[in-house]
Amino acid sequence: MRDPIAIGLFGFAVPLFILGAMFYGSVPMAGLGSELAICFSFGAAAMFVGGFLTFQMPNSYVATVFFTYGAFFLALGITGADGSLAMTMKSSPQLLSVWFSLMAVITVIFMLAAFRLNVALVIMFGVLAAAFILFVVGDVKLAAMLFMVDAVIGFYLGAVHIINPVMGHAVLPVGSLARKAA
């Protein structure tokens, strides 16, 4: 049972939910620095640890996913902690839109690769790509809700990587898309 993927998935889900709650308005923007510091300390750290461990498996797909979103949360954490993200959101929202557009492109690439893995990953990356795109086009509330929905999917997938191995069989399904050996 050497499966470090849950570490990265929980590192993905926690700050993504907080980010969604913040953009939805459930968490005041006044707490931006401290909220994004949580993204940095928990999310990025957990995703980098998960990335390093999955790379050793070797699983470069999962490692790349964890490193990419870990870096995303690290950047949010650094810019949120010093207040520069809030200033950028007010003075130059186009920069954030470009960044989120690029994250949407990367997320679609991950989603396409997930079509060889399982339905749950396809849904997770599809919802995340939609959230990034909605944020870019200005529907921040709907994007925020999708960030939170995606975090719940991340929690589910993290639970899959803990519960299924402990139980010795698939208790939580993911809808395998892997090709069957002939």
Side-chain angles (χ1 to χ4, degrees), residues 1-20 23 39-40 42-77 96-137 139 142-165 169-182:
M1 274 193 331
R2 292 183 61 208
D3 186 354
I5 294 174
I7 297 167
L9 285 165
F10 292 138
F12 170 80
V14 169
L16 188 62
F17 193 90
I18 292 168
L19 190 66
F23 284 131
C39 293
F40 168 69
F42 181 82
M47 292 192 81
F48 285 142
V49 168
F52 283 118
L53 294 173
T54 55
F55 191 75
Q56 299 301 316
M57 288 173 68
N59 191 333
S60 62
Y61 171 74
V62 174
T64 302
V65 168
F66 289 161
F67 287 137
T68 300
Y69 295 114
F72 172 74
F73 288 126
L74 176 63
L76 281 176
L96 197 58
S97 290
V98 169
W99 184 29
F100 277 35
S101 295
L102 295 171
M103 290 304 298
V105 169
I106 292 168
T107 302
V108 168
I109 293 167
F110 292 149
M111 182 187 72
L112 293 174
F115 276 101
R116 291 295 298 267
L117 300 172
N118 64 63
V119 174
L121 279 177
V122 171
I123 293 170
M124 185 182 79
F125 289 126
V127 169
L128 186 57
F132 280 129
I133 291 165
L134 286 167
F135 189 91
V136 169
V137 299
D139 197 340
L142 185 53
M145 288 191 314
L146 288 181
F147 283 139
M148 291 185 284
V149 166
D150 208 49
V152 171
I153 297 168
F155 283 121
Y156 177 83
L157 284 168
V160 165
H161 284 274
I162 291 176
I163 294 170
N164 287 357
H169 65 283
V171 175
L172 300 174
V174 294
S176 178
L177 296 173
R179 292 187 178 184
K180 309 281 189 247

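These numbers come from a predicted model, not from an experiment.
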For a 4.5 angstrom cut-off between non-hydrogen side-chain atoms, does M57 reach P4?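 A side-chain contact under 4.5 Å exists here.
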
If you define the side chain from C-beta out and look only at heavy atoms, does anything of N59 sit under 4.5 Å from F55?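 They are not in contact (no side-chain heavy atoms under 4.5 Å apart), so the answer is no.
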
With rounding to the nearest 0.5 angstrom, report the CG to CG distance, L16 to L76.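 So the CG of L16 and the CG of L76 are separated by 10.0 Å.
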
What verdict does the side-chain contact (heavy atoms from CB on, under 4.5 Å) test give for F66 and V62, after you've listed the backbone C-alpha separation in whole Å, the side-chain angles of each residue and the deciding distance to 0.1 Å? CA-CA 6 Å; F66 289 161; V62 174; 3.4 Å; yes

Counting only pairs under 3.5 Å, give me each side-chain donor-acceptor contact of residues 97-106, with atom names and distances, residues two or more places apart or in other chains.
from, atom 1, to, atom 2, distance (Å)
S97, OG, P93, O, 3.4
S101, OG, S97, O, 2.8

Only distances under 3.5 Å count here; give the side-chain donor-acceptor pairs of residues 109-135 to other protein atoms, sequence neighbours excluded, each with its distance to 0.1 Å.
from, atom 1, to, atom 2, distance (Å)
N118, OD1, A120, N, 3.2
N118, OD1, L121, N, 2.7

Kindly write out the residues that satisfy ring-ring contact (aromatic ring centres under 6.0 Å, His included) with F12, not counting sequence neighbours, or none if the list is empty.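 Testing F12 for ring-ring contact (aromatic ring centres under 6.0 Å, His included), a comparison that skips the adjacent residues, returns Y69.
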
List the atom pairs, donor and acceptor, that lie under 3.5 Å between side-chain atoms in residues 148-160 and the rest of the protein, sequence neighbours left out.
from, atom 1, to, atom 2, distance (Å)
Y156, OH, P173, O, 2.6

Quick check against the 3.5 Å criterion: does D3 have a side-chain atom that pairs as donor or acceptor with the backbone of I162?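 Checked: no pair found.
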
Contacts under 3.5 angstrom, residues 43-54 side chains, donor-acceptor by atom type, not counting sequence neighbours:
from, atom 1, to, atom 2, distance (Å)
T54, OG1, G50, O, 2.9
T54, OG1, G51, O, 3.2
T54, OG1, A63, N, 3.4

